[in-house]
Amino acid sequence: MAKEVLLKYTKFQISLATVVMLIVLRLCLGCHFLYEGVWKITHPEFSAEGFLVNAKGPAAPIFYAMVPDIDGRQRLKVEKVVAGDNLIDALHKVRDAAEDQVGKEVGKSNKPDEEREKIRTEFKQKSSLLTWQFEEKLESFLAKNEKAMQKVLADPKAEGADEKAQKWLDELREIEKQYDEKLVELYNQVIDSKPLEPKAIVSPGDDAVTLGKVAPVENRVRGSSYVNSWDKLAEDVVRKYVLTPDQEYEVARLYHLYKTSVKEYLDDNLEDIEAHFGSLERYEAAKAAGNNGADFQKERAWSEMQKLRGEAKAWLGELEGMGDDYAVAIWNTLDDEQKTKGKLPIGWTMTDLINFAVTYGLTAIGLCLILGLCTRFAAIGGGCFMIFVVLTQPGWPTIYPHAPAVVGHSLLVNKDFIEMVTLFLLATTAAGRWGGLDYFVENFVLWVYRSWAEGKS
C-alpha cells in the first residue's frame, strides 16, 4: 500500500514539473519570436532579401527564386535597341527655340511684368507637355517597329530595305508635322506678331542610311521596368489626387526628368554592365561544368557569386534610390488637403510581401505563444518557419560557406534545428491550456457546443 502511494506521489510530482517546464518553454519561444518580430517592426529598413540571397546548400536555388530579378538580368538588360534620342533631342530644340521666341516677343510688349511672366510660364508648361506627349509617341512608334527596323538597318542594301525605310520616315515626318502644327497653334495663342517657323526634325532622304541617322541601332540598357513603374505612378497620382494644371505639369516634368536621369545613368555605366554580364555568363558556365568538391573551388565559386551580386546591387541600389527620390518629389507637389487622401499609390513588390509576412508572422506567433492563444497553430507556424531557416543555412560540414567556428560544430542538428523540433513538440502538448488563454477558449467553445446540442435535443 505504501509503495503504491509513493509511486502515485512521484508520478504526480513529475507530471506537475513537466507542465511547469512546458509553460516555461512556451514562454521562452514566444519571447524569442515576439522580440524578433517587434525588432523588425521598429526597424523599417529590415529586408528578408539579405537572408534569402545568402542561402546555401541544396535548397538555395528555391530561396534565390523568391528574390525578384536577383542578378539584375531584367532591370539591367543590355540589348540592341533602335534609339530615338536624335529625334527627341530635336523635339526639345524646337520647343526651346519656340520658348525663346515667345520670351523675346512678350518682352517687347507693354504688358505688366507679372502678366508677361505668366504668359512665359504658361507657354513653357503647355509646350513642354506637348513635347513630352510626342516624345512618348515617337518612342511608342519606334518600339512597335523596332525588330523590323533592326533588320533593315543591319543590312541597308538588302532588297526592299529602302522602301521600308521610306515608309517609316514618312510616318516620322507625319508625327513631326503634327507636332509642328500643335506647337504653332500654342504659339499663336499668345503671339500674333512674328510667325513661328520650326526647323525640320527628320533630315531629308528616303533610304535606309537616312533612317540609320535619324534612329540608329545602339547597345542600350533599357531600364524600362523603372520607367514604366514611374509612368504608372504619375498617371495614378493624377487620377487619385485630382491635380491642378500646375501640379499636372510638375508631375509630368518630374517623370521626364527622372526618366532622362535613368537613361543617362545606365548609358554612363553601359561598359561596366556589359562586362558584368559577361562575367556572369562565365560564372554560370563554370558552375554548370561542376567541380571536384574541393573547398578552394567552393570558396572561389561563392566569392564570385557574391562579387557579381554586389556589382548588380550597387547599380540597382542607385536606381531604387532614384525611384525613392522621385516618389518623394511627387509627394511634395501635393497640398495638405490632397495628402489627406492617403499615401502614394505604389504597389507592393514580392520582397515587400515577404518582409510583411515575416515581420508580422513572427510577431503573431510570439504573441500567441506568450498568451497561450491558439498555441498549437502558433507552434506549427513557428516550426514551419524554422524549417525554412534550417534549409537556408543547413549545418552540414561539406556545405560552403562553413558556419563560423565561434558558433561551434554541428552535423545538421544545430540550435535552429533544435528550436524547430521543440516547436513541433510544443504543438503536440496542451501547453496553451496550462496557464494560457486556450483554457478559456476551449471551455467557451465547449459551452457553446453543449448549449447548441441541448437546444437541438
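Between L266 and G223, the closest heavy-atom pair is CD1-CA, 3.6 Å. Nearest heavy-atom pair, L344 versus I330, reported as atom, atom and distance to 0.1 Å: CD2-CG2, 4.2 Å. Pairing each heavy atom of V358 with each of F385, the nearest pair is CG1-CE1, 4.4 Å.
To the nearest 0.5 Å, the span separating CH2 on W331 from CD1 on I346 amounts to 10.0 Å. Between atom CG of residue L437 and atom OG1 of residue T375 there is a gap of 8.5 Å, rounded to the nearest 0.5 Å. Distance check: E318 CD to K313 NZ gives 13.0 Å after rounding to the nearest 0.5 Å. For the atom pair E281 CD and L308 CG, the distance stands at 11.0 Å (nearest 0.5 Å).
Ionic pairing of D236 and R239 is present here: one or more N-O contacts between side-chain nitrogen and carboxylate oxygen are shorter than 4.0 angstrom. For the pair E176 and K137, the salt-bridge criterion is not met [side-chain N within less than 4.0 Å of a carboxylate O]. We find that R222 and E79 are joined by a salt bridge, their nearest charged nitrogen and carboxylate oxygen being less than 4.0 Å apart. With respect to D206 and R173, a salt bridge is recorded, a charged nitrogen being found less than 4.0 Å from a carboxylate O. Under the 4.0 Å criterion applied to side-chain N and carboxylate O atoms, D180 and K177 are not assigned as salt-bridge partners. A salt bridge links K259 to E139: at least one charged side-chain nitrogen sits closer than 4.0 Å to a carboxylate oxygen. Remark: E105 engages K108 in a salt bridge, criterion side-chain N to carboxylate O under 4.0 Å. At a threshold of 4.0 Å, the pair E274-R220 does not count as salt-bridged, since none of the basic side-chain nitrogens sits closer than that to a carboxylate oxygen. Salt bridge present: K167 and E171 bring a charged side-chain N and a carboxylate O closer than 4.0 Å. Salt-bridge annotation for E311 and K307: present, with a side-chain N of the basic residue lying under 4.0 Å from a carboxylate O of the acidic one. With respect to E159 and K164, no salt bridge is recorded, no charged nitrogen being found less than 4.0 Å from a carboxylate O.
Under a cut-off of 6.0 angstrom, the local environment of NZ in K287 is sparse, with at most 12 non-hydrogen atoms contributed by other residues, nucleotides or ligands. The 12-atom threshold is not exceeded at NZ of K182, counting heavy atoms of other residues, nucleotides or ligands nearer than 6.0 Å. K339 NZ: more than 12 foreign heavy atoms inside a 6.0 Å radius.
Remark: the backbone N or O of K80 is paired with a side-chain donor or acceptor of Q150 at under 3.5 angstrom. For the pair T42 (side chain) and W39 (backbone), a donor-acceptor distance under 3.5 Å is present. N355 places a side-chain N or O within donor-acceptor distance of the main-chain N or O of A48, the cut-off being under 3.5 Å. Distance alone, capped at 3.5 Å, is enough to place a donor-acceptor pair between the Q338 side chain and the D335 backbone. In this structure, the side chain of N414 engages the main chain of F417 through a donor-acceptor pair within 3.5 Å. When atom types are taken as modelled, the side chain of N86 and the backbone of K213 share a donor-acceptor pair closer than 3.5 angstrom. A donor-acceptor contact shorter than 3.5 Å is absent between the side chain of D96 and the backbone of K93. Between the K111 side chain and the R116 main chain, no donor and acceptor come within less than 3.5 Å of each other. No donor-acceptor pair closer than 3.5 Å links the side chain of D155 to the backbone N or O of K151. No donor-acceptor distance shorter than 3.5 angstrom exists from the side chain of D416 to the backbone of V390, with no hydrogens or angles considered.
Contact of the H276 side chain with the L76 side chain is not registered, since no non-hydrogen atoms from C-beta on lie closer than 4.5 Å. Between T351 and I354 the shortest side-chain heavy-atom distance does not fall below 4.5 Å. Residues Y258 and D325 are in side-chain contact: their nearest non-hydrogen atoms beyond the backbone lie under 4.5 Å apart. Between E136 and S140 there is no side-chain heavy-atom pair separated by less than 4.5 Å. Counting only heavy atoms from C-beta outward, the side chains of L280 and R73 approach each other to under 4.5 Å. Side-chain contact between V81 and E146 is present, with heavy atoms from C-beta onward closer than 4.5 Å. Taking 4.5 Å as the limit, every side-chain heavy atom of V82 sits out of range of all side-chain heavy atoms of P216. At least one side-chain heavy atom of L316 sits under 4.5 Å from a side-chain heavy atom of Y226.
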| Between L334 and L243, is a side-chain contact (heavy atoms from CB on, under 4.5 Å) present by the stated rule, with each step listed? | CA-CA 8 Å; L334 306 177; L243 304 185; 3.6 Å; yes
| task | Given salt bridge (Lys or Arg N to Asp or Glu O under 4.0 Å), test E135 with K263 step by step and report yes or no. | result | CA-CA 14 Å; E135 182 180 325; K263 289 185 176 180; 5.6 Å; no
| task | Walk me through it: do S261 and Y326 pass the test side chain to side chain donor-acceptor pair (under 3.5 Å)? | result | CA-CA 11 Å; S261 297; Y326 170 69; over 6 Å; no
| said: side-chain contact (heavy atoms from CB on, under 4.5 Å), that's the test. Do L27 and L369 meet it? Break it down for me. | reply: CA-CA 6 Å; L27 293 173; L369 289 175; over 6 Å; no
| request: Step by step, work out the ring-ring contact (aromatic ring centres under 6.0 Å, His included) result for W348 and F356. | output: CA-CA 10 Å; W348 280 21; F356 180 86; 5.4 Å; yes
| query | Which is it for S128 and Y249 under the side-chain contact (heavy atoms from CB on, under 4.5 Å) test, yes or no, and what are the steps along the way? | reply | CA-CA 8 Å; S128 294; Y249 165 76; 3.8 Å; yes
| request: Dump the intermediate steps for side-chain contact (heavy atoms from CB on, under 4.5 Å) on L391 and I387, then the final yes or no. | output: CA-CA 6 Å; L391 289 176; I387 288 177; 3.9 Å; yes
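Side-chain atoms of Q125 and E250 form no donor-acceptor pair, as typed in the model, at a separation below 3.5 Å. Between the side chains of S279 and R282, at least one donor N or O sits under 3.5 Å from an acceptor N or O. Side chain to side chain, Q101 and Y187 meet the donor-acceptor criterion of an N or O pair below 3.5 Å. At a cut-off of 3.5 Å, with distance as the only test, no side-chain donor of Y241 or Q247 sits close to an acceptor on the other residue.
By the 30° and 60° cut-offs, the orientation of the rings of Y400 relative to H402 is perpendicular. Ring geometry, W132 versus H256: the interplanar angle falls under 30°, so the pair is classed parallel (tilted spans 30 to 60°).
For the pair K40 and F46, the distance from NZ or CZ to the six-membered ring centre is under 6.0 Å and the angle to the ring normal is within 45 degrees. Judged by the 6.0 Å distance and 45° axis criteria, R309 is positioned over the aromatic ring of Y64.
Checking each of V94, I201, I88, L91 against F134 for a side chain to side chain contact (heavy atoms under 4.5 Å, CB included) leaves exactly one that passes, namely L91. Across K77, R75, Q74, a single residue satisfies side-chain hydrogen bond (donor to acceptor under 3.5 Å, both in side chains) together with D69, and that is R75. Considering R95, E99, E122 as possible partners of S127, the one that fulfils the side-chain hydrogen bond (donor to acceptor under 3.5 Å, both in side chains) test is E99.
Here W230 and Y255 keep their ring centres 6.0 angstrom or further from each other.
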